[in-house]
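Heads up, the thing below is written out as structure tokens.
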Amino acid sequence: MKKFVRGIGICALAFGLAACGGDEEAAPEEPVASEEPAEGEQEMDSFIDTSDIPDVIAIVNGEEVDREIYVSTLEQEAMQLAMQGIDVDSEEGAAYLDQVKDQVLDRIINSILVTHAANEEGIEATEEEIDMGVTDLMAQFGLESEEQLQELLEAQGVDMEELRSDVAENVKSNKYVEQKVAEIEVSEEEIQAFYDEAIAAMPETEEAELPSLDEVRGEIEQQLQMEKLLSNLREESDVTVNV
């Protein structure tokens, strides 16, 4: 699967349910090929050492996961960090990057696990759903015509057939997630414990600014459901991590 679409799947796979990391930053856009890299992108190479990342970063149920999407996502995360004014050479920046590496790897593996599970369940994507997915993708990249989309695909080495195939996988994965999380029960005790832990981890602020449990109950329940789903998939799968 091409990195252009695989990355979209990783970010869009209802990890919008925030299951993979709580208050993570909004998912970055996929890199678009350009003739000359931006200045910030050139600087990234100087402090992200990817030389020790193997060609195959993981094997998930027999599927080898190459390093390309992992490295490109790490570079984007590091760029965002630098844009926030955090010195990645500092102790704080290095610690953050280490955390991001684990989060990115988990997102990739989770995306593949859900894709596999959706296919095993026989979930299908209609042509209309795929068309809608392509349209959403164009909107995400600010594209106004199929010609512009075709140009972007060519720059990434992807053809339209591959794009539609991968969009179909994303549609099926999202369907699977929606079906399965609805079947997972979360206790009031689990919701309360999650809320208490999250509030305790927040920086000191005025009490009035903190959301009440009732205000975030639905989000917490969704997150716990997703975490349970992914945990179950991990337990049932054969995952080997090489990084």
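The side chain to side chain donor-acceptor pair (under 3.5 Å) search around E147 returns S145, not counting sequence neighbours.
Salt-bridge annotation for E77 and R107: present, with a side-chain N of the basic residue lying under 4.0 Å from a carboxylate O of the acidic one. Looking at E129 and K175, a side-chain N of the basic residue comes within less than 4.0 Å of a carboxylate O on the acidic one, giving a salt bridge.
Looking at every heavy atom in both residues, L113 comes nearest to S237 through CD2-OG, 3.2 Å. Here the closest non-hydrogen pair linking P54 and V243 is CD-CG1, 3.3 Å. The two residues A118 and Y176 come nearest to each other via the heavy atoms CB-CB, 3.7 Å. For the pair R67 and T50, the tightest heavy-atom approach, listed with the atom from each and the gap, is NH2-O, 2.6 Å. The minimum heavy-atom distance between G93 and I86, with the atom names listed, is CA-CG2, 4.0 Å. For the pair V216 and P211, the tightest heavy-atom approach, listed with the atom from each and the gap, is CG1-CB, 3.9 Å.
Summarising the geometry, atom CZ belonging to R217 is positioned 5.0 Å from atom CG belonging to D214; distances are rounded to the nearest 0.5 Å. The distance from the CD atom of Q99 to the OH atom of Y96 is 7.0 Å, given to the nearest 0.5 Å. Distance CG/L153 to CD/Q148: 12.0 Å, rounded to 0.5 Å. Going from atom CE of M83 over to atom CD of Q80 covers 7.5 Å, rounded to the nearest 0.5 Å. Note that CG of L233 is 8.0 Å distant from CG of N110, once rounded to the nearest 0.5 Å. Separating the OG1 atom in T126 from the CG atom in D131 is a distance of 8.0 Å, to the nearest 0.5 Å.
Here the side chains of V171 and I123 are not in contact, with every heavy-atom distance at 4.5 Å or above. When side chains are defined from C-beta on, L213 counts as touching Q192, because their heavy atoms get closer than 4.5 Å. Under the 4.5 Å side-chain criterion, counting only non-hydrogen atoms from C-beta, I184 is not in contact with L224. Using a 4.5 Å heavy-atom threshold, the side chains of E127 and I130 count as touching. Side-chain contact between K172 and N119 is present, with heavy atoms from C-beta onward closer than 4.5 Å. Looking only at side-chain heavy atoms (C-beta outward), D166 and V158 stay at 4.5 Å or farther from each other. Using a 4.5 Å cut-off on side-chain heavy atoms (C-beta onward), E227 and L230 make no contact. V114 is listed as a side-chain neighbour of V177, based on a closest heavy-atom distance under 4.5 Å.
The neighbour count for E91 CD, taken as heavy atoms of other residues, nucleotides or ligands under 6.0 Å away, does not exceed 12.
Applying side chain to side chain contact (heavy atoms under 4.5 Å, CB included) to I57 and the options I108, I69, V241 leaves one that passes, I108.
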Practice problem: Could you go through the side chain to side chain contact (heavy atoms under 4.5 Å, CB included) check for I109 and V65 one step at a time? | Solution: CA-CA 8 Å; I109 292 173; V65 186; 5.9 Å; no
Self-check item: Derivation and outcome, side chain to side chain donor-acceptor pair (under 3.5 Å), residues Q140 and D136
Solution: CA-CA 6 Å; Q140 178 179 338; D136 290 343; over 6 Å; no
Exercise. Give the C-alpha distance, both sets of side-chain angles, the deciding distance and a yes or no for side chain to side chain contact (heavy atoms under 4.5 Å, CB included) between M160 and L163.
Key: CA-CA 5 Å; M160 184 62 73; L163 174 69; 3.7 Å; yes
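Connection of I112 to I59 is not established within any shared hydrophobic cluster, with ILVMFWY side chains joined at heavy-atom distances below 4.5 Å, either directly or through further cluster members. Criterion: ILVMFWY side-chain heavy atoms under 4.5 Å apart, direct or through other members. Under it, F194 and M202 are part of a common hydrophobic cluster. Hydrophobic clustering (ILVMFWY, side-chain heavy atoms < 4.5 Å, transitive): I199 and I191 are in one cluster. In the hydrophobic clustering of this structure, L149 does not group with M132; members are Ile, Leu, Val, Met, Phe, Trp, Tyr whose side-chain heavy atoms approach within less than 4.5 Å, directly or through other members. By the criterion of side-chain heavy atoms lying less than 4.5 angstrom apart, applied directly or through intervening Ile, Leu, Val, Met, Phe, Trp or Tyr residues, I53 is not grouped with V56; the two fall into different hydrophobic clusters.
Within the 3.5 Å criterion, the main-chain N or O of D55 finds no donor-acceptor partner in the side chain of D66. K228 places a side-chain N or O within 3.5 Å of a backbone atom of E185 that can act as its donor or acceptor partner. Side chain of S165 to backbone of E161: no donor-acceptor contact under 3.5 angstrom is found. For E215 (side chain) and S212 (main-chain N/O), a donor-acceptor pair under 3.5 Å exists by modelled atom type. Although no hydrogens or angles enter the test, the distance criterion places no donor-acceptor pair under 3.5 Å between the side chain of E63 and the main chain of V60. In this structure, E121 contributes its side chain and A117 its backbone to no donor-acceptor pair below 3.5 Å.
For the salt bridge (charged side-chain N to carboxylate O under 4.0 Å, His left out) condition, the pairs that include at least one residue of residues 229-243, sequence neighbours left out, are D106-R234.
Residues D159 and Q150 bring no donor and acceptor atom of their side chains to less than 3.5 Å of each other. A donor-acceptor contact closer than 3.5 angstrom links the side chains of S187 and E190.
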